[in-house]
Visitor: 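Please find one structure pasted underneath; my questions will follow.
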There are 2 protein chains.
Amino acid sequence: MKSISSDDKNFICELQAPCFQTLTPDEVNLIRGSKTQVQFRKGDNLTKQGAFATYIMLMAKGLAIQYVEDESTKSYNLRIIKPGEFIGLSAIFSNNTFSYSSVALTDCQVFLVEKTAIIETINNNGIFGLGLMRRYTEHNNNLFDTLKTVLYKQMNGRLADTLLYINQFKQNFPDVFQLMARKDIADFAGISTESTVKLLKAFEKDGLIKLDGKDIKVLNNIELEEISRRG
Amino acid sequence: MKSISSDDKNFICELQAPCFQTLTPDEVNLIRGSKTQVQFRKGDNLTKQGAFATYIMLMAKGLAIQYVEDESTKSYNLRIIKPGEFIGLSAIFSNNTFSYSSVALTDCQVFLVEKTAIIETINNNGIFGLGLMRRYTEHNNNLFDTLKTVLYKQMNGRLADTLLYINQFKQNFPDVFQLMARKDIADFAGISTESTVKLLKAFEKDGLIKLDGKDIKVLNNIELEEISRRG
DNA sequence: TAAAAAGATTGAGCAAGATCAATTGGAATA
DNA sequence: TATTCCAATTGATCTTGCTCAATCTTTTTA
């Protein structure tokens with residue numbers, strides 16, 4: 001990763017882009033005032049689970065995967081981070097270390113904002129804090145869904161979930177699937193790579209999807225949703 | 001559940017109890033001002049996953065279990081709620097429905113506080129908001145640990161986790177284990193009741209615990225922690 | 001371009017736990 | 001106290017999905 005000069009006006013202007021429309025004016029100002037912009041290369045870690053978190057990040061450009069890992073080699077992918085989204089919000093409220101890792105799926109441009117600056121703003125402006133908190137809580141709700149998926153669904157349901165989830169990104173990022181290895185898909189579903197490969201073939205045979213190299217075309221949304229629902 | 005007259009001074013005074021020392025003065029005032037106190041009977045649901053959440057709860061007296069459920073019969077226990085702890089904090093920040101259910105393990109006394117009253121307070125007082133957010137974020141961090149447990153540990157590690165967790169409550173609530181059926185323990189570990197029974201016996205044979213009716217005495221903390229760590 | 005490395009695919013065998021069925025024990029009820 | 005009901009226990013069996021090993025394909029590197 002390398003730093004970018006803070007007076008790169010073009011970059012700052014990107015805060016006007018559609019994906020940032022959800023930011024509140026206060027948030028925009030805070031980020032404008034932040035001095036640090038960082039560029040990550042595909043494959044770089046944006047955050048590492050357990051590392052000290054003295055700042056939060058705002059994804060400006062690019063895609064990343066957020067995941068949890070254990071001590072050995074296992075990973076479980078939680079979500080795809082897209083432009084306009086924060087990374088590490090929990091650091092603001094209590095956590096001094098990141099609860100999860102994240103890795104760049106494409107080259108990424110990211111703003112870093114000091115935790116202390118944010119806390120100061122919240123102290124003076126409860127409404128600003130509520131806004132940040134709302135974003136954070138939404139992720140948290142997803143975590144409950146994730147937990148239920150892991151607890152109650154088996155292979156087919158999980159892979160259907162995964163395909164539907166990733167497929168949502170295809171509109172704005174047509175090459176999402178190409179960016180991912182089979183193992184990445186497997187880690188979203190929480191099943192082994194081998195099982196993923198076999199099950200993808202099975203889904204294709206049933207006409208639910210079309211495998212085209214690394215790309216995957218969802219052919220039958222309805223039925224995939226049904227499989228997801230059944231678990 | 002039945003309402004209690006709001007001028008039950010003895011009850012209000014309990015907010016001075018040690019377990020409420022973590023509440024900020026602002027929080028105490030808010031709760032003092034709340035008009036609703038409710039009593040739940042052992043086995044009653046305090047919250048039901050998916051129900052509308054227009055208020056949050058503060059446990060005043062008693063113990064409850066927080067859990068997530070699927071459509072059928074499966075439950076997974078997340079934590080034991082003890083006096084001084086909030087239930088449903090996420091409702092304040094974004095969620096209009098409860099993400100989880102909770103059920104009284106003993107008779108419980110609970111304060112209900114309207115969401116709107118809290119939001120108003122936060123708007124005027126960012127520091128108060130930060131305090132609530134900190135509590136909320138801590139639960140969220142536990143959720144990451146829970147997810148990792150479910151993803152990466154198997155039976156032995158999970159049951160060891162569960163026993164160590166519940167055992168923490170024994171100091172202040174010596175009969176915690178007696179309050180729970182084997183199924184409750186199983187639902188904390190996320191394994192079947194039958195497997196729980198068999199594994200408890202095995203742990204006893206290895207001298208890790210002593211089974212005494214429903215009560216369980218932890219004999220070898222160190223080794224249980226080792227089993228937990230190994231997964 | 002050829003060789004090497006990494007990822008994808010496939011099939012066989014295996015292990016962890018769940019489910020099922022039967023039995024026992026304890027507590028609640030008539 | 002006898003009866004009923006529900007929780008706890010136990011053993012046998014079954015399912016899911018993982019691991020392992022071999023092969024094939026694609027990408028990367030020399």
Visitor: Classify the side chain of A:Glu194 and the base of D:dC20 as holding, or not holding, a donor-acceptor pair under 3.5 Å.
Guide: yes
Visitor: Rounding to a whole Å, what distance do you find between B:Lys153:NZ and C:dA16:C1'?
Guide: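 Atom-to-atom, B:Lys153 to C:dA16, this comes out as 17 Å.
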Visitor: Quick one: A:Asp215 CG to C:dA8 C1', roughly how many Å, whole number?
Guide: 16 Å
Visitor: Can you tell me the distance, in whole Å, between the OH atom of B:Tyr76 and the P atom of C:dA18?
Guide: 13 Å
Visitor: D:dG17 phosphate, OP1 or OP2: any side-chain N/O from A:Ser192 under 4.0 angstrom?
Guide: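 Indeed not, no polar side-chain atom of A:Ser192 lies that close.
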Visitor: My understanding is that only one of A:Leu78, A:Asp184, A:Val103 makes a side-chain contact (heavy atoms from CB on, under 4.5 Å) with A:Tyr67; could you say which?
Guide: A:Val103
Visitor: Of A:Thr162, A:Asn77, A:Thr196, which meets side-chain contact (heavy atoms from CB on, under 4.5 Å) against A:Asp187?
Guide: A:Asn77
Visitor: May I ask you to check whether over 12 heavy atoms, not counting those of A:Lys183, lie within 6.0 Å of atom NZ?
Guide: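 Yes - once you tally the heavy atoms of other residues, nucleotides and ligands closer than 6.0 Å, there are more than 12.
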Visitor: For the pair made of CG in A:Leu159 and C1' in D:dG17, what is the distance, rounded to whole Å?
Guide: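 The distance from CG of A:Leu159 to C1' of D:dG17 comes to 13 Å, rounded to the nearest Å.
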Visitor: Return the nearest nucleotide to the side chain of B:Lys74; candidates are D:dT10, C:dT19, C:dA8.
Guide: C:dT19
Visitor: Is there a side-chain contact between A:Ser195 and the phosphate of D:dG17, meaning an N or O under 4.0 Å from OP1 or OP2?
Guide: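 It does not, given that no N or O in the side chain of A:Ser195 lies less than 4.0 Å from OP1 or OP2 of D:dG17.
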Visitor: Provide, to the nearest angstrom, the distance between the NZ atom belonging to A:Lys183 and the P atom belonging to D:dT19.
Guide: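 For the pair A:Lys183 NZ and D:dT19 P, the rounded distance is 11 Å.
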Visitor: Base, sugar-phosphate or nothing for B:Lys198? Non-hydrogen atoms, less than 4.0 Å.
Guide: base
Visitor: Nearest whole angstrom, please: distance from the P of D:dT25 to the CG of A:Leu211.
Guide: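 Value for this atom pair: 16 Å.
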